[in-house]
S.K.: 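To start, I am sharing the structure in question, which I have written as structure tokens.
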Amino acid sequence: MRFHTRKWVKPEDLNANETLFGGTVLAWIDEEAALYSVIQLENKKVVTKYMSEINFMSSARQGDIVEIGIDVVKFGKSSLTLNCEVRNKMTRETIVTVDNIIMVNLDGEGKPKPHGKTKVEFVKNRLGHEGD
């Protein structure tokens, strides 16, 4: 799994138990899945269609740093299925896992649009290199 983003747990991210609020971490996951999909599908119009069971395993406290990892499960015709792990960088414990997040590629009218992708592409492989 590739961990792309780190978040610092701040006071506004805490619940009444003074641990990381589940809703906050889910918002972070949704944003990370969207960003990852936009980059992979090369389209800003991508939406979350589905999240499978969410398994909260541990937590984080104020001042901890958490990492969000995303992997591609499969490419559909107009979708991208991802899985996600959020881990506490300080304790090395997994905070939450989501097995399937389905992101859908949209056209200008907001309808599902085939993306033509079949494998993970890294940005460096898509950018033109001068002198090549």
Side-chain angles (χ1 to χ4, degrees):
M1 177 154 305
R2 296 177 59 91
F3 288 81
H4 300 276
T5 299
R6 292 185 179 134
K7 297 282 189 178
W8 193 11
V9 180
K10 299 176 281 206
E12 59 267 26
D13 302 324
L14 304 178
N15 60 25
N17 192 44
E18 297 187 5
T19 57
L20 180 59
F21 177 57
T24 298
V25 76
L26 290 176
W28 292 347
I29 290 169
D30 193 34
E31 180 179 33
E32 186 68 15
L35 292 170
Y36 187 92
S37 298
V38 164
I39 292 166
Q40 280 302 306
L41 302 179
E42 300 180 86
N43 181 11
K44 293 183 209 174
K45 294 186 178 264
V46 176
V47 296
T48 307
K49 176 180 175 33
Y50 173 82
M51 273 195 191
S52 68
E53 180 176 296
I54 299 161
N55 186 7
F56 287 96
M57 303 166 79
S58 68
S59 194
R61 299 202 170 273
Q62 183 178 334
D64 285 354
I65 297 168
V66 299
E67 294 181 304
I68 304 168
I70 297 279
D71 269 339
V72 174
V73 175
K74 73 175 186 173
F75 287 85
K77 183 177 176 183
S78 62
S79 65
L80 182 60
T81 303
L82 308 171
N83 68 13
C84 178
E85 177 184 354
V86 179
R87 65 185 181 191
N88 187 323
K89 186 84 170 153
M90 312 306 277
T91 65
R92 301 178 191 257
E93 293 179 325
T94 297
I95 296 171
V96 64
T97 58
V98 184
D99 289 337
N100 289 292
I101 304 168
I102 300 175
M103 306 300 291
V104 177
N105 191 58
L106 302 177
D107 64 16
E109 304 297 315
K111 305 280 187 214
K113 171 186 168 186
H115 51 66
K117 305 289 184 175
T118 59
K119 64 180 183 174
V120 173
E121 295 177 352
F122 297 97
V123 173
K124 67 180 180 177
N125 297 336
R126 285 197 301 244
L127 299 177
H129 299 284
E130 290 185 33
D132 284 353

S.K.: Taking salt bridge (charged side-chain N to carboxylate O under 4.0 Å, His left out) as the definition, give me every residue that meets it alongside Arg92, ordered by chain and number, with sequence neighbours left out.
M.R.: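 So Arg92 forms no salt bridge (charged side-chain N to carboxylate O under 4.0 Å, His left out) with any residue.
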S.K.: Give every donor-acceptor pair under 3.5 Å between a side-chain atom in residues 94-105 and any protein atom, sequence neighbours left out.
M.R.:
from: Thr94; atom 1: OG1; to: Glu85; atom 2: OE2; distance (Å): 2.7
from: Asn105; atom 1: OD1; to: Asn43; atom 2: ND2; distance (Å): 2.9
from: Asn105; atom 1: ND2; to: Lys113; atom 2: O; distance (Å): 3.0

S.K.: How long is the straight-line distance from CG of Leu82 back to CD1 of Ile29, given to the nearest 0.5 Å?
M.R.: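 Between atom CD1 of Ile29 and atom CG of Leu82 there are 11.5 Å.
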S.K.: Ignoring hydrogens and geometry, is there a side-chain-to-backbone donor-acceptor pair from Arg61 to Glu18 under 3.5 Å?
M.R.: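 A pair under 3.5 Å: yes.
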S.K.: For Ser79, is there any backbone N or O sitting under 3.5 Å from a side-chain donor or acceptor partner on His115?
M.R.: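 Answer holds: yes.
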S.K.: Under a 3.5 Å distance rule, please check whether Trp8 uses its side chain to pair with a backbone N or O of Gly63 as donor and acceptor.
M.R.: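 Answer holds: yes.
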S.K.: Hey, is CD on Glu12 packed in by over 12 heavy atoms from elsewhere, all under 6.0 Å?
M.R.: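 Yes, CD of Glu12 has more than 12 neighbouring heavy atoms, counting only those of other groups under 6.0 Å.
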S.K.: For the residue pair Pro11 and Gln62, what are the closest heavy atoms and their distance?
M.R.: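 So the two residues come closest at CG-NE2, 3.5 Å.
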S.K.: Is it true that a side-chain atom of Gln40 and a backbone atom of Glu121 form a donor plus acceptor pair closer than 3.5 Å?
M.R.: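 Such a contact is found between Gln40 side chain and Glu121 backbone.
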S.K.: Answer yes or no: are there more than 12 heavy-atom neighbours, outside Phe21 itself, under 6.0 Å from its atom CZ?
M.R.: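 Not more than 12 within 6.0 Å, no.
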S.K.: Could you measure the distance from the CG atom of Leu20 to the CG atom of Asn15? Nearest 0.5 Å is fine.
M.R.: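 Going from CG on Leu20 over to CG on Asn15, the span is 7.5 Å.
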S.K.: State yes or no: do Phe56 and Ile68 share one hydrophobic cluster built from I, L, V, M, F, W and Y residues joined by side-chain heavy-atom distances below 4.5 Å, directly or via other members?
M.R.: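 Same hydrophobic cluster.
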S.K.: Please check this pair: side chain of Asn17 against backbone of Thr19, looking for a donor-acceptor N/O pair closer than 3.5 Å.
M.R.: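 Checked: no pair found.
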S.K.: State, yes or no, whether a side-chain contact exists between Lys45 and Asp107 at a heavy-atom distance under 4.5 Å.
M.R.: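 Answer no - side chains too far apart.
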S.K.: Any side-chain heavy atom of Lys119 within less than 4.5 Å of one from Val72?
M.R.: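 When only atoms from C-beta onward are counted, Val72 and Lys119 do not touch, as no gap falls below 4.5 Å.
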S.K.: Which value, rounded to the nearest 0.5 Å, describes the distance between Lys49 atom NZ and Thr81 atom OG1?
M.R.: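 OG1 of Thr81 is found 10.5 Å from NZ of Lys49.
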S.K.: Minimum heavy-atom separation for Ser59 and Asn88, please, with both atom names.
M.R.: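 That closest heavy-atom pairing would be O-ND2, 3.4 Å.
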S.K.: Can you find a heavy atom in the side chain of Asp64 that is under 4.5 Å from one in the side chain of Lys89?
M.R.: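 No - every pair of side-chain heavy atoms lies 4.5 Å or more apart.
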S.K.: So, do Val66 and Val9 sit near enough that their side-chain heavy atoms are less than 4.5 Å apart?
M.R.: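 Yes, their side chains come closer than 4.5 Å.
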S.K.: Can you list the steps and then say if Tyr36 with Thr5 is a side-chain contact (heavy atoms from CB on, under 4.5 Å)?
M.R.: CA-CA 10 Å; Tyr36 187 92; Thr5 299; over 6 Å; no
S.K.: For Glu67, is there an ion pair with Lys7 - N to carboxylate O distance below 4.0 angstrom?
M.R.: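 Salt bridge absent between Lys7 and Glu67.
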S.K.: Less than 4.5 Å apart, side chain to side chain, heavy atoms only: is that true for Val46 and Leu106?
M.R.: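 No, every pair of side-chain atoms sits at 4.5 Å or beyond.
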S.K.: Taking all non-hydrogen atoms of both residues into account, name the closest pair between Ser78 and Pro114 and its distance.
M.R.: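 Where Ser78 meets Pro114 most closely, the heavy atoms are CB-N, 4.0 Å.
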